[in-house]
Amino acid sequence: MATERYNPRETEPRWQRVWADREIFRTRNDDPRPKYYVLEMFPYPSGRIHIGHGRNYVMGDVVARFKRMKGFNVLHPMGWDAFGLPAENAAIERGIHPKTWTYENIAAMKEQLKLLGLSLDWNREVATCDPDYYAEQQRLFVDLFEKGLVYRRESEVNWDPVDNTVLANEQVIDGRGWRSGAVVERKKLAQWFFRITHFADDLLSALDELDRWPDKVRLMQRNWIGRSEGLEVRFRLSSPDFPSLKVYTTRPDTLYGASFLAVAADHPLARLASAGNAELGAFIEECKRGGTSAEEIETMEKKGFDTGIKAEHPLVPGWFLPVYVANFILLDYGTGAIFGCPAHDQRDLDFARKYGLPVKQVVLPDGAAMPGDAAFEGDVALDGDGRLIHSDFLDGLTVAEAKDAVAARLESQTLDGAPQGERKVNFRLRDWGISRQRYWGCPIPVIHCQSCGPVPVPQAELPVLLPDDVSFDRPGNPLDRHTAWRSVACPRCGGPARRETDTMDTFVDSSWYFARFASGPDGALDRAAVDHWLPVDQYIGGIEHAILHLLYARFFTRALESCGRISVKEPFAGLFTQGMIVHETYKDVNGKWLFPEEVEKRADGSAVRRGTDEPVTVGPPEKMSKSKRNVVPPEVVADTYGVDCARWFMLSDTPPERDSEWTEAGIEGAWRFAQRLFRQINEAIELGAPAGAALPERFGPESTALRRAAHRLAADVEADIERLRFNVAVARVHAFANAFGEALAAARSGTPAADLAFALREAAEFLVAVVAPMVPHLAEECGVLLGRDGLVAEAAWPIVDPALLVADEIVLPVQINGKKRAELTIAAGASQAEIEAATLADETVLRALEGRLPKKIIVVPKRIVNVVV
RNA sequence: GCGGGCGUGGCGGAACCGGUAGACGCAACGGACUUAAAAUCCGUAGGGCAUCGCUCGUGUGGGUUCGAGUCCCACCGCCCGCACCA
């Protein structure tokens, strides 16, 4: 039979039109079926997409299509995380308005995304820069403000002293501003904060319930929140102007090993001490140099400066410790002051060695020999468990007991009329600074009045729209310079006032978009709809968002709940973090990056510039990026192989959470498979029973084997998709196609009997349904061949007969002393005794035993037999 | 610096809860079909010794166990995040 080849260039656009015309992916909130909300993290509209962007959308689409087949009312929306820095950079570099640039990018990327055949409800599309989106965000801000979850305080920014502008961390390169090259300083500005720490305990404990999140993400969030139980200890100081210093520690047990105290450079004590000490003043100034990022602060050389002030040890009257200012102490964490116990903390040890401070061991690790001397010699701090030594009343106690004993002692001891110690729960998590001194973001709806202070913009006057008439010819925030926009009347007293010119962190935009998708098109949060759809059943995105975005979204959902806007507290019930698509990089003889289509691979493994003999250097696979040109545009793939092949390839081989390499060979393999599948379906229709044939009474061994394989396929792939193990699902389809191919070959040798004809037909229908979520266009085409009514996209998942999933005979591997020596074929229901008897009667086993007597036989049901001799 | 993860044939990877390591695919090689090519189909295939078979083998080194890719300890390499990139 001259079977036609599957032609994606013709069929794919046709089926996409059919889906669009019939609006089958339009989701209604009043649909009575059980809901299922699948969401991929929405993209930043950076320009054009490459095939690497498509991976997580395709994964989400497989889940969405599969859940539809399982009878769910599926919500699968898409939008644009459209505010942010790159739009302003485009404005500065190319003179194009951020709004124009952004909306042009959205239009282009939407066209490209549509090529992928995703089952999205485009009616719910939003861009966070749409006024109706950020209008609601401003209303939510005011709600949070009124709830006391928003406040203003000073906090540090990266300051470029040449451009006189605030820099993002990524704009600070080696401690210098990216444009001016000036050494960056830390500068304090009054900024707006969300009180995320209000929910710290709940954000932490609720992680236990998120059982469909990866453990690693939950662990990262736990560590980020960083709950610790410790002690605040007040030390009496020798300074009359600063009588005591409060220190937070999680290791009060090591207090007898203390050798110094240290405070942050911007601690009030540091400022006070520097008053009469120019050298210390200079050191504090030096500490302000460099950016604000923790990475920069913690990797720089640890330095300290002795203030000359002494602190009296709270447990040993007359023992005085020096007080340092140190560049690695953060004012935001704890009390901004620490005591250093060098023997039991690595950072303190490095510091003590550098400044020649004593190092006294006070914890003896379990099993270690008692040192003769309290002075500790090593370079690796002992931060593990053990028992206290050289510590007076603590000697012999465990670390935990000693912590408690010190806390009890200091709680009852007073200094200046108050307890000297106080047990305290502390969090590493800091409140969320949302102020950005930039134009292209959601304006913070606050008006500053000289007499009334900061006043939220009244609901009736919202939204505060971004003005369009701005210029980017100078560094800094154009809103600051826009006097007409800035000047307003105070909503409270009517007096002259000015608008807040900070805009919100774009993480605010992405902290509630999933709730907006659930709501209607007018932009307001629809409580009933949000409560119906949330939480998102399956959220899919990159691991790089494991902490910040996900934590902020969890916070914001709680905040909205506490304002009475919605009833849900946790936004994402299921989370999956997918890997990136990587591609080889290519450089020509001049070191210039080349696009993949400019490179030709020769049979000998060498690479040359297409159409020439110029050699090309092939680099290792890296994340697809415009700058390295190792990108593959989706149009090119769609035109040559079709998007189903691209989808199939993206789902194949590599586990979805791992990075996957895009190769020409891989996409060709997908093409071959698509053609093979199409041929097999054609052949099955020719040889198999007609549509709707009655179930035969009896099935022979061949037809039973095929039916078992088909039903097993549907059951296994269903389980694989539920667990998002797409690569395994693909492998199972391949394995089934191999079995199907054999059955078809056997059937072709004669006229198939009724039972085999039925099984062939059934297998074809199962196969098409099973691959439909992954290659939906091809499946629709096969659906037509099968004479199916209606669209495969709207069909049901195959119904599996459980009787066909159980085998009556199994093969058990037999080990002797843990090494496999034989195989035993035995009834699936055989008892332990029967298995043991059969094992010892087996010829191969007896030969391998060489007459030795079995000491023990371990039978693991349906798994393995191990004979120990 | 701190937190988290990953490491299995030539390549991508499979292996449930500690139970046959290498499923499935790619590349390769051999064969069939063809005037030829493409396409397709069939077959071979971790290393070593080699006759059934034996032996080594999941980044490295130790350990627990009847049995370890899987659990524990130490180390090496790579990747992600670190609060103003999104």
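Computed from heavy atoms alone, side chains included, the values below leave out hydrogens, waters and symmetry copies. Throughout, a chain's letter reflects where its sequence line sits, starting with A, and its residues are numbered from 1. Treat the numbers as computed from the prediction; the structure is a model and nothing was measured.
Taking a 4.0 Å limit (strictly below) on heavy-atom distances, residues 85-93 of chain A reaches RNA chain B at A:Leu85. Listed in residue order, the members of residues 862-869 of chain A having a heavy atom less than 4.0 Å from RNA chain B are A:Arg863, A:Ile864, A:Asn866, A:Val868.
Nearest to the side-chain atoms of A:Asp81 among the listed nucleotides B:A86, B:A83, B:C41 stands B:A86. Comparing B:U20, B:A83, B:U40 by their closest approach to the side chain of A:Gln815 singles out B:U20. Candidate nucleotides B:G4, B:C84, B:A21 were compared by shortest atom distance to the side chain of A:Met220, and B:G4 ranks first. Nearest to the side-chain atoms of A:Ala294 among the listed nucleotides B:A83, B:C85, B:C80 stands B:A83. Closest contact between the side chain of A:Val860 and the listed nucleotides B:G19, B:C82, B:C85 involves B:G19. Here the side chain of A:Leu219 is nearest to one of B:G5, B:U55, B:C24, namely B:G5. Comparing B:A86, B:U20, B:C26 against the side chain of A:Glu823 picks out B:U20 as the nearest. Ranking B:A21, B:A83, B:A86 by closeness to the A:Arg428 side chain, first place goes to B:A83. Set against B:C54, B:G1, B:A83, the side chain of A:Tyr552 has B:A83 as its closest nucleotide.
At the heavy-atom level, A:Ser435 lies under 4.0 Å from base atoms of the strands shown. Using a 4.0 Å heavy-atom criterion, one finds that A:Trp224 contacts the bases of the nucleic acid, with or without backbone contacts as well. Note on A:Lys216: only backbone sugar-phosphate atoms sit closer than 4.0 angstrom, heavy atoms only; bases stay farther off. If you check every strand for non-hydrogen atoms under 4.0 Å, A:Val157 touches a base. Here A:Ala665 lies in heavy-atom contact (under 4.0 Å) with sugar-phosphate atoms only. Across all strands, A:Phe507 comes closer than 4.0 Å to base atoms (heavy-atom distances). Using a 4.0 Å heavy-atom cutoff across all strands shown, A:Arg222 reaches no nucleic acid atom at all. Using a 4.0 Å heavy-atom cutoff across all strands shown, A:Gly84 reaches sugar-phosphate atoms only and no base atom. Residue contacts shown for A:His549 are absent, as no nucleic acid heavy atom lies under 4.0 Å away. Within 4.0 Å (heavy atoms only), A:Gly433 reaches sugar-phosphate atoms of the nucleic acid but no base atom.
The phosphate of B:C52 (OP1 or OP2) has no side-chain N or O of A:Arg847 nearer than 4.0 angstrom. At B:C56, one or more side-chain N or O atoms of A:Lys819 fall inside 4.0 Å of OP1 or OP2 (strictly under the cut-off). Contact check, A:Arg672 against B:A38: no side-chain N or O comes under 4.0 Å of OP1 or OP2. Taking only side-chain nitrogens and oxygens, A:Arg430 never comes nearer than 4.0 Å to OP1 or OP2 of B:A83. Look at A:Asn223 and you'll find a side-chain N or O under 4.0 angstrom from OP1 or OP2 of B:G4.
Comparing the same atom, C1', in B:G22 and in B:G57 gives a spacing of 11 Å after rounding to whole Å. One P atom belongs to B:A83, the other to B:C76, and the distance between them is 26 Å to the nearest Å. Rounded to whole Å, the P atom of B:G67 lies 14 Å from the corresponding atom of B:A21. Atom P of B:A15 sits at a distance of 15 Å from the matching atom of B:G69, rounded to the whole Å. B:A28 and B:A38: their P atoms are spaced 12 Å apart (whole Å). Going from the C1' atom of B:G25 to that of B:A45 covers 15 Å, rounded to whole Å.
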Using atom types as modelled, flag every donor-acceptor pair under 3.5 Å from a side chain in residues 82-93 of chain A to any protein atom, sequence neighbours excluded.
unit_1: A:Glu88; atom_1: OE2; unit_2: A:Tyr439; atom_2: N; d: 3.0
unit_1: A:Glu88; atom_1: OE2; unit_2: A:Trp440; atom_2: N; d: 2.7
unit_1: A:Asn89; atom_1: OD1; unit_2: A:Arg179; atom_2: NH2; d: 3.3

Less than 3.5 Å apart, which donor and acceptor atoms pair up between the side chains of residues 655-671 of chain A and the rest of the protein, not counting sequence neighbours?
unit_1: A:Asp659; atom_1: OD1; unit_2: A:Met580; atom_2: N; d: 2.8
unit_1: A:Thr663; atom_1: OG1; unit_2: A:Gly666; atom_2: N; d: 3.0
unit_1: A:Glu664; atom_1: OE2; unit_2: A:Tyr641; atom_2: OH; d: 3.0

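We find that CD1 of A:Ile547 is positioned 12 Å from C1' of B:G5, with the value rounded to whole Å.
Between A:Phe555 and A:Phe194, the angle of the ring planes lies from 30° to 60°, which puts this pair in the tilted group. In this pair, A:His549 and A:Tyr539 present their aromatic rings tilted. The plane angle is within the 30 to 60° band.
A salt bridge links A:Lys354 with A:Glu301: the closest approach of a Lys/Arg side-chain nitrogen to an acidic carboxylate oxygen falls below 4.0 angstrom.
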Identify all pairs in which a protein N or O lies below 3.5 Å from an N or O of nucleotides 11-15 of chain B, and state each distance.
unit_1: B:G12; atom_1: O2'; unit_2: A:Thr654; atom_2: OG1; d: 2.6
unit_1: B:G12; atom_1: N2; unit_2: A:Asp653; atom_2: OD1; d: 2.8
unit_1: B:G13; atom_1: O2'; unit_2: A:Asp653; atom_2: O; d: 3.4
unit_1: B:A14; atom_1: OP1; unit_2: A:Asn727; atom_2: ND2; d: 3.1
unit_1: B:A15; atom_1: OP1; unit_2: A:Arg725; atom_2: NH2; d: 2.4
unit_1: B:A15; atom_1: OP2; unit_2: A:Arg725; atom_2: NH2; d: 2.7

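Checking A:Trp213 against A:Gln221 by side-chain atom types alone, no donor-acceptor pair falls below 3.5 Å. Side-chain contact of A:Thr292 with A:Asn158: a donor-acceptor pair under 3.5 Å is present, judged by distance alone. Counting only N and O atoms by type, the side chains of A:Ser180 and A:Asp160 include a donor and acceptor under 3.5 Å apart.
At most 12 non-hydrogen atoms from other residues, nucleotides or ligands lie less than 6.0 angstrom from NZ of A:Lys623. Residue A:Asp174 qualifies as open at atom CG: its count of foreign heavy atoms under 6.0 Å is 12 or below. No more than 12 heavy-atom neighbours from other residues, nucleotides or ligands sit within 6.0 angstrom of CD on A:Glu843.
Residues A:Val770 and A:Arg732 are not in side-chain contact: their nearest non-hydrogen atoms beyond the backbone lie 4.5 Å or more apart.
Side-chain N/O atoms of A:Gln437 and base N/O atoms of B:C84 include a donor-acceptor pair closer than 3.5 Å. The base of B:C84 lies close enough to the side chain of A:Gln191 for a donor and an acceptor atom to sit less than 3.5 Å apart.
Stems are defined here as 3 or more consecutive Watson-Crick or G-U wobble pairs with pairing distances under 3.5 Å; those involving RNA chain B are B:1-7 with B:76-82, B:10-12 with B:24-26, B:28-32 with B:40-44, B:46-49 with B:53-56, B:59-63 with B:71-75.
Base orientation of B:G9: syn, since the glycosidic angle falls within 90° of 0. Classification of B:C71 as anti follows from a glycosidic angle more than 90° from 0.
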Original post:
Can you check side chain to side chain contact (heavy atoms under 4.5 Å, CB included) on A:Thr506 and A:Tyr44, steps first, answer last?
Top reply: CA-CA 10 Å; A:Thr506 55; A:Tyr44 179 79; over 6 Å; no

**OP:** For salt bridge (Lys or Arg N to Asp or Glu O under 4.0 Å), just list the numbers for A:Asp350 and A:Arg347, CA-CA rounded to whole Å, side-chain angles, deciding distance to a tenth of an Å, and then say yes or no.
**Re:** CA-CA 5 Å; A:Asp350 296 342; A:Arg347 205 165 54 175; over 6 Å; no

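With the nearest nucleotide of RNA chain B identified for both A:Thr299 and A:Ala848, A:Thr299 has the one nearer the 5' end. Both A:Ile543 and A:Ile858 lie close to RNA chain B; mapped to their nearest nucleotides by heavy-atom distance, the more 5′-ward contact belongs to A:Ile858.
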